[in-house]
Asker: 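Quick one: structure below, then a few questions.
Reminder, nothing fancy here: chain letters follow the sequence lines and each chain counts from 1.
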Amino acid sequence: MPELPDVEGFRRVLDEHTGEPIESVSVYDAGVLRGVTPRRLRAALRGHRFEAARRRGKWLIAPAEGPVVLIHFGMTGSLSWHPADEPRDRFVRVVWRLRDGELRYGDMRKLKGIHLAADAADAPRVLGDLGPDALDVSRDRLAGLLAGRRGRLKTTLTDQSVIAGLGNLLADEICWRARINPLRTAGDLDPPEQAALHRAMRRVLRASVEAERVPPRATWLTGARDDPDPVCPRCGTHLTSRRLSGRRTVWCPRCQPA
DNA sequence: AGGATTGTTATTAA
DNA sequence: GTTAATAACAATCC
């Protein structure tokens with residue numbers, strides 16, 4: 001699931017548990033460790049405290065008094081806080097034990113996972129080529145990011161090197177809210193359309209961050225898209241669905257004409 | 001059984 | 001250089 005709002009929720013979880021020393025780090029499945037061994041992860045973090053957690057796009061960035069933990073949640077990752085004696089489900093892959101409980105990284109599919117940077121200066125190496133966080137993109141900046149792009153709008157919005165944080169559900173939701181067809185060429189939007197897209201992005205993100213997910217409300221595309229015979233929550237027209245570079249894309253042919 | 005799934009990346013092709 | 005499509009990664013659900 002994790003797109004920007006979900007990861008923002010994980011960031012809050014971590015932020016509530018800064019300041020206490022990490023008593024132990026347990027790796028139950030090293031398959032989620034990327035470029036670091038369990039031994040090195042333990043050695044780098046034991047006795048350290050997590051500091052204020054940050055997020056960039058879908059990355060959670062957790063400095064720990066020197067070393068920096070960077071987590072990408074893939075499609076099924078999560079971070080949650082539990083009492084140490086609460087039974088762990090079988091998808092818990094890594095546990096950071098603190099004084100009053102533990103942080104658990106769970107991940108069913110293990111598509112991405114946990115990286116370790118030596119220090120803050122080393123963190124960009126892990127993040128790679130990331131565009132600005134979607135929450136930091138102004139209207140003018142959005143126009144600049146789309147300018148000259150010949151790819152489709154949906155594909156451009158989900159390209160993390162252009163804008164960081166938008167995933168499949170958010171991109172469809174934003175296009176639907178802005179009443180713009182996701183197959184349009186990104187660079188072809190006129191200024192009023194750019195403004196509508198930006199407004200939709202702000203509103204969708206704000207409500208989603210609040211809910212810590214893209215909320216499947218009945219008045220949202222996300223609340224309708226998985227119905228057996230989905231119709232547009234605005235106008236009742238049957239929704240159109242198509243695969244776009246391997247991702248399901250849903251839109252309303254009436255509200256979002258080609 | 002077969003197909004689908006909210007993420008990224010490598011590869012190939014146009 | 002840009003864009004698009006596909007498979008792969010892994011594990012589940014319908």
Asker: Could you spell out the base pairing of DNA chain C in dot-bracket, with Watson-Crick or G-U pairs whose two distances are under 3.5 Å, [ ] crossing and | to another strand?
Answerer: .||||||||.||||

Asker: For the side chain of A:Lys112, counting heavy atoms from C-beta on, which of B:dG7, C:dT3, C:dA4 is nearest?
Answerer: B:dG7

Asker: Please compare A:Arg243 and A:Arg93 by the position of their nearest nucleotide in DNA chain C and report the one closer to 5'.
Answerer: A:Arg243

Asker: Which part of the nucleic acid, if any, lies within contact of A:Arg34, taking any heavy atom under 4.0 Å across all strands shown: a base, the sugar-phosphate backbone alone, or nothing?
Answerer: nothing

Asker: Report the nucleotide, chosen from C:dC9, C:dT12, B:dT6, that has the shortest atom-to-atom distance to any side-chain atom of A:Phe91.
Answerer: C:dT12

Asker: Output all residues satisfying ring pair (Phe, Tyr, Trp, His ring centres under 6.0 Å) with A:His198, sequence neighbours left out; order by chain, then residue number.
Answerer: none

Asker: Hey, are the side chains of A:Val13 and A:Glu212 touching, using non-hydrogen atoms and a 4.5 Å cut-off?
Answerer: no

Asker: Touch check for A:Arg247, heavy atoms < 4.0 angstrom, all strands: base, sugar-phosphate only, or nothing?
Answerer: base

Asker: Which comes earlier along DNA chain C counting from the 5' end, the contact point of A:Arg90 or that of A:Thr156, where each point is its nearest nucleotide?
Answerer: A:Thr156

Asker: Counting only side-chain heavy atoms from C-beta out, which of B:dG7, C:dA5, C:dA4 sits nearest to A:Thr155?
Answerer: C:dA4

Asker: To the nearest Å, how far apart are A:Leu244 CG and B:dA4 C1'?
Answerer: 17 Å

Asker: Between the side chains of A:Asp159 and A:Ser161, does any donor sit under 3.5 Å from an acceptor?
Answerer: yes

Asker: Would you indicate which nucleotide in C:dA11, C:dT2, B:dG7 comes nearest to any side-chain atom of A:His72?
Answerer: B:dG7

Asker: Taking CG from A:Asp129 and P from C:dG1, how many angstroms apart are they, rounded to a whole number?
Answerer: 14 Å

Asker: Any donor-acceptor pair under 3.5 Å linking the side-chain atoms of A:Glu51 with those of A:Thr18?
Answerer: no

Asker: Would you say A:Arg248 reaches B:dT5's phosphate, i.e. side-chain N/O to OP1/OP2 under 4.0 Å?
Answerer: yes

Asker: What distance, rounded to whole Å, do you find between the two P atoms, one in B:dG3 and one in C:dT6?
Answerer: 15 Å

Asker: Between A:Val214 and A:Leu244, is there a shared hydrophobic cluster once you connect ILVMFWY residues whose side-chain heavy atoms come closer than 4.5 Å?
Answerer: no

Asker: Tell me which nucleotide among C:dA5, C:dA11, C:dT3 gets nearest to the side chain of A:Arg242.
Answerer: C:dA5

Asker: What integer distance in Å separates A:Arg225:CZ from B:dA4:P?
Answerer: 15 Å

Asker: Between A:Arg179 and A:Glu193, is there a side-chain N and carboxylate O pair less than 4.0 Å apart?
Answerer: no

Asker: In this structure, how many angstroms lie between the P atom of C:dC13 and the CE atom of A:Met75, rounded?
Answerer: 14 Å

Asker: Give the rounded distance in Å between these two atoms: CE of A:Met108 and P of B:dA4.
Answerer: 17 Å

Asker: Can you tell me how far C1' of B:dT8 sits from CZ of A:Phe73, to the nearest Å?
Answerer: 15 Å

Asker: Please output the side-chain donor-acceptor pairs of residues 62-74 of chain A that fall under 3.5 Å, not counting sequence neighbours, one pair per line with the distance.
Answerer:
residue : atom : partner : partner atom : Å
A:Glu65 : OE1  : A:Arg49 : N            : 2.7
A:Glu65 : OE2  : A:Arg49 : NE           : 3.1
A:Glu65 : OE2  : A:Arg49 : NH2          : 3.1
A:His72 : ND1  : A:Gly74 : N            : 3.0

